[in-house]
Amino acid sequence: MAPQRERKGNPNALLDVGGRDDDGDSDDDFQTSRVSFSTSVTSTTRRRIMVPSHISPKNKENKPKKNKPIICQKSQSQELKKLHVLRNVDAERKRVGHCVNYSSRNIVHYLRNVTHGSRPLFWQYQSLNTPVMNMTKLFRIHKTYMGFDRRTTAIAWHPTIPNLVTVGSKGGDIIVWNFERDGGDPRTTLVGQGPGGSIQALQFDGRSNGSKVYTVSIDGTLALHDFLNGDRKNFLKTGDIDHWYTSLDVSLTAGVIIVGDNKGYVNLFTIDGEKLWKERLHKQKVTHIEFCPRIPWCLVTTSVDHTLKVWDVRNMKSRTSCLLSHTHEKPINSAHFSRTDGGRLVTTDQLDEIRVYSCPSFNLSQTIPHPHRQFQHLTPIKATWHPLRDIIVVGRYPDRNFPGYVLNEPRTIDFFEASTGKMIYQHIDKGYCNKIVSLNLFNHTGDRLMSAAG
């Protein structure tokens, strides 16, 4: 709706900007004012008329004065700038297919251009972040579980059931929690072995209704737990306290499971546990492993050896056969593909850097400074994605050595735009105030956020 202003003289009458009032006067904001100039006949003018110029040609007073143009350098440059801007505007409108409000971030303009077949621009795509973040800003603690005797180490949501989540702890305890049905006390709980049983990663078996969970643990096993029947099936077991499995991903599309360990080896299995191959892909511990959702044969791994590597799962021979490799300055905790379309990859190191890569080229597009240093008794902080928009969510661990540090800086959950690297929101709740939130993970609908605070 256009803004309105009050007419002078009649407080009840309104004048639309750009329109005409009842008396027919044009709005001076959009139309040039008509100014009439009246010239009075002065004595000098009369003298010019009455005294012919040929009588006293040398008399400068009788010569008509020439109106010399006054050139204002500043105004001329401003006009040239305006002309240049208008030309750029016209060129931009032609380039984007005559879409309206080419520089607008309004979601209505975005939808209008999509409806009319025009290609929305970058800033219009950004406008879609606004309703998503407005909903996220309303988040408050809904349910809390404090049944673990040791810190939380892994979280996974069910791929199709939005209220179902599984959580593992450093003591090996596992819960499968439908928080809407179970309230604050999960019905399904598996008690771990305590020291030496830390759950490093876990995933639901998407073929079940949430009763089966894959886990890798410091006890040296890759196992499938069936909570409905109380069964456990070990696919791998090292039998060595110095050798354990650290990372896990399951691809239902390809029907395979992939597992990394603390020696740099990667194992590939069928989803039923049949071993396909084993290769050493890193020099040190594999911290994260994940399939690309848009390219089923594409795989990424991260390691304590500071490298991020991209692989073709169909051609895994040695650690030199990777498609691409990027080296970070610090060990890498995780590498997660964006959940909207898999078009971006976000990595988290063990100090103060988050990187965003564009897929499938895997070129570095953004480097985001962010304090999240790591020490032995803290679950590694990992940046993940919002499922509806390419928005990064990560816990903050303030550091005095980090640029911009503020005294008594709160330990918030930070949200970043992946395309620009700008922070758009910091969330804090009284329920976890002054706690380090290491893990944050949205469900697939984006209306629930599971956070694990030490």
Side-chain angles (χ1 to χ4, degrees), residues 96-97 99 105 107 109-111 113-115 117-136 155-162 203-204 206 249-256 258 288-302 308-314 323-324 326 334-348 354-368 382-394 415-422 424-425 440-450:
V96 301
C99 61
R105 302 189 188 189
I107 190 172
H109 296 158
Y110 169 84
L111 296 174
N113 288 337
V114 171
T115 305
S118 301
R119 178 169 60 89
L121 294 183
F122 170 75
W123 293 116
Q124 292 178 339
Y125 279 114
Q126 295 303 99
S127 68
L128 299 181
N129 292 342
T130 303
V132 172
M133 290 311 304
N134 286 343
M135 181 179 69
T136 304
I155 298 173
W157 288 93
H158 194 279
T160 58
I161 305 174
Q203 293 282 346
F204 276 104
D249 195 23
V250 180
S251 174
L252 290 178
T253 304
V256 294
I258 198 154
H288 188 85
I289 193 164
E290 187 169 321
F291 285 102
C292 179
R294 67 189 301 177
I295 309 174
W297 49 262
C298 181
L299 176 75
V300 295
T301 57
T302 62
L308 161 72
K309 293 186 178 182
V310 184
W311 306 88
D312 183 346
V313 74
R314 303 167 298 182
L323 301 177
L324 289 168
H326 293 283
S334 63
H336 289 283
F337 285 99
S338 59
R339 298 168 64 183
T340 52
D341 59 357
R344 289 187 172 96
L345 180 76
V346 61
T347 63
T348 315
I354 296 171
R355 294 188 183 184
V356 182
Y357 295 89
S358 299
C359 304
S361 64
F362 290 94
N363 293 326
L364 179 63
S365 60
Q366 293 292 337
T367 299
I368 305 173
K382 302 177 181 180
T384 57
W385 295 97
H386 196 286
L388 307 180
R389 296 292 298 160
D390 285 351
I391 296 173
I392 300 167
V393 54
V394 59
F415 294 80
F416 293 90
E417 281 186 346
S419 54
T420 63
K422 294 182 179 180
I424 54 179
Y425 180 55
N440 295 279
L441 191 63
F442 278 96
N443 63 353
H444 68 274
T445 56
D447 61 346
R448 296 289 189 275
L449 174 64
M450 173 66 73

Query raised in the report: Under 6.0 Å between the ring centres of Tyr357 and His326?
Result: yes
Query raised in the report: What closest approach, in Å, do Ala335 and Thr302 show between heavy atoms, and which atom pair accounts for it?
Result: CB-CG2, 3.5 Å
Query raised in the report: Do you know which two heavy atoms are closest between Pro296 and Phe291, and how far apart they sit?
Result: O-CD2, 3.8 Å
Requested in this report: Evaluate the side-chain proximity of Leu128 to Arg389: yes if any heavy-atom separation is below 4.5 Å, no if none is.
Outcome: yes
Query raised in the report: Any donor and acceptor pair, going by atom type alone, linking the side chain of Arg294 with main-chain N or O of Pro360 inside 3.5 Å?
Result: no
Query raised in the report: Strictly under 6.0 Å, is that where the ring centroids of His288 and His336 end up?
Result: yes
Query raised in the report: Is there a side-chain contact between Ser419 and Asp390, using heavy atoms and a 4.5 Å cut-off?
Result: no
**Report entry** Straight-line distance of Trp385 CH2 to Leu345 CG, nearest 0.5 Å
**Finding:** 8.0 Å
Query raised in the report: Distance-only, no hydrogens or angles: does the Trp157 side chain make a donor-acceptor pair with backbone N or O of Leu441 under 3.5 Å?
Result: yes
Query - Side-chain touch Val394/Asn440, heavy atoms, less than 4.5 angstrom - result: no
Query raised in the report: When you measure from the side chain of Ser338 to the backbone N and O of Arg344, does any donor-acceptor pair fall under 3.5 Å?
Result: yes
**Report entry** Nearest-0.5 Å distance, CD of residue Glu417 to CD of residue Gln366
**Finding:** 10.0 Å
Requested in this report: Could you tell me the separation between the CD1 atom of Ile161 and the OG1 atom of Thr445, rounded to the nearest 0.5 Å?
Outcome: 12.0 Å
**Report entry** Test log, rule side-chain contact (heavy atoms from CB on, under 4.5 Å), inputs Phe415 and Thr136
**Finding:** CA-CA 10 Å; Phe415 294 80; Thr136 304; 3.6 Å; yes
Report summary line: Looking only at heavy atoms, the pair that brings Thr340 and Pro387 closest together is CG2-O, 3.6 Å
Report summary line: The reported gap from CD1 in Ile354 to OG1 in Thr367 (rounded to nearest 0.5 angstrom) is 10.5 Å
Report task. Check whether any side-chain heavy atom of Phe416 sits under 4.5 Å from a side-chain heavy atom of Val346, and report yes or no. Result -> no
Query raised in the report: Closest approach of Thr348 and Ala383, non-hydrogen atoms and distance?
Result: OG1-N, 3.0 Å
Query raised in the report: Within a strict 4.5 Å, meaning less than it, do heavy atoms of the His444 and Pro159 side chains meet?
Result: no
Query raised in the report: Side-chain donor-acceptor pair under 3.5 Å between Ser358 and Asn363, yes or no?
Result: no
Query raised in the report: Going through the distances and angles, do Leu364 and Arg355 end up as a side-chain contact (heavy atoms from CB on, under 4.5 Å)?
Result: CA-CA 7 Å; Leu364 179 63; Arg355 294 188 183 184; 3.8 Å; yes
Query raised in the report: Which distance, rounded to the nearest 0.5 Å, do you find between the CD1 of Ile258 and the CD1 of Ile289?
Result: 4.0 Å
Query raised in the report: Considering all heavy atoms of both residues, which atom of Ala156 and which atom of Phe204 are nearest to each other, and what is their separation?
Result: O-CE1, 3.5 Å
Query raised in the report: Is there side-chain contact between Lys309 and Leu324, with at least one heavy-atom pair below 4.5 Å?
Result: no
Requested in this report: List the atom of Gly342, the atom of Pro293, and the distance in Å for their closest heavy-atom pair.
Outcome: CA-CG, 3.8 Å
Query raised in the report: Between Arg314 and Trp297, is NZ or CZ placed under 6.0 angstrom from the six-membered ring centre and within 45° of the ring axis?
Result: yes
Requested in this report: Just do the side-chain contact (heavy atoms from CB on, under 4.5 Å) check on Ile391 and Ile424 with the steps written out, would you?
Outcome: CA-CA 9 Å; Ile391 296 173; Ile424 54 179; 4.1 Å; yes
Report task. Show the numbers, then the answer: is there a side-chain contact (heavy atoms from CB on, under 4.5 Å) between Val300 and Phe362? Result -> CA-CA 10 Å; Val300 295; Phe362 290 94; 4.0 Å; yes
Query raised in the report: Can you check whether His386 reaches Val132 side chain to side chain, under 4.5 Å on heavy atoms?
Result: yes
Query raised in the report: Do we see a donor-acceptor contact under 3.5 Å between the side chains of Arg448 and Asn443?
Result: no
Query - Rounded distance (nearest 0.5 Å) linking atom CD1 of Ile155 with atom CZ of Phe442 - result: 12.0 Å
Query - Close side-chain approach of Val356 and Thr347, heavy atoms under 4.5 Å - result: no
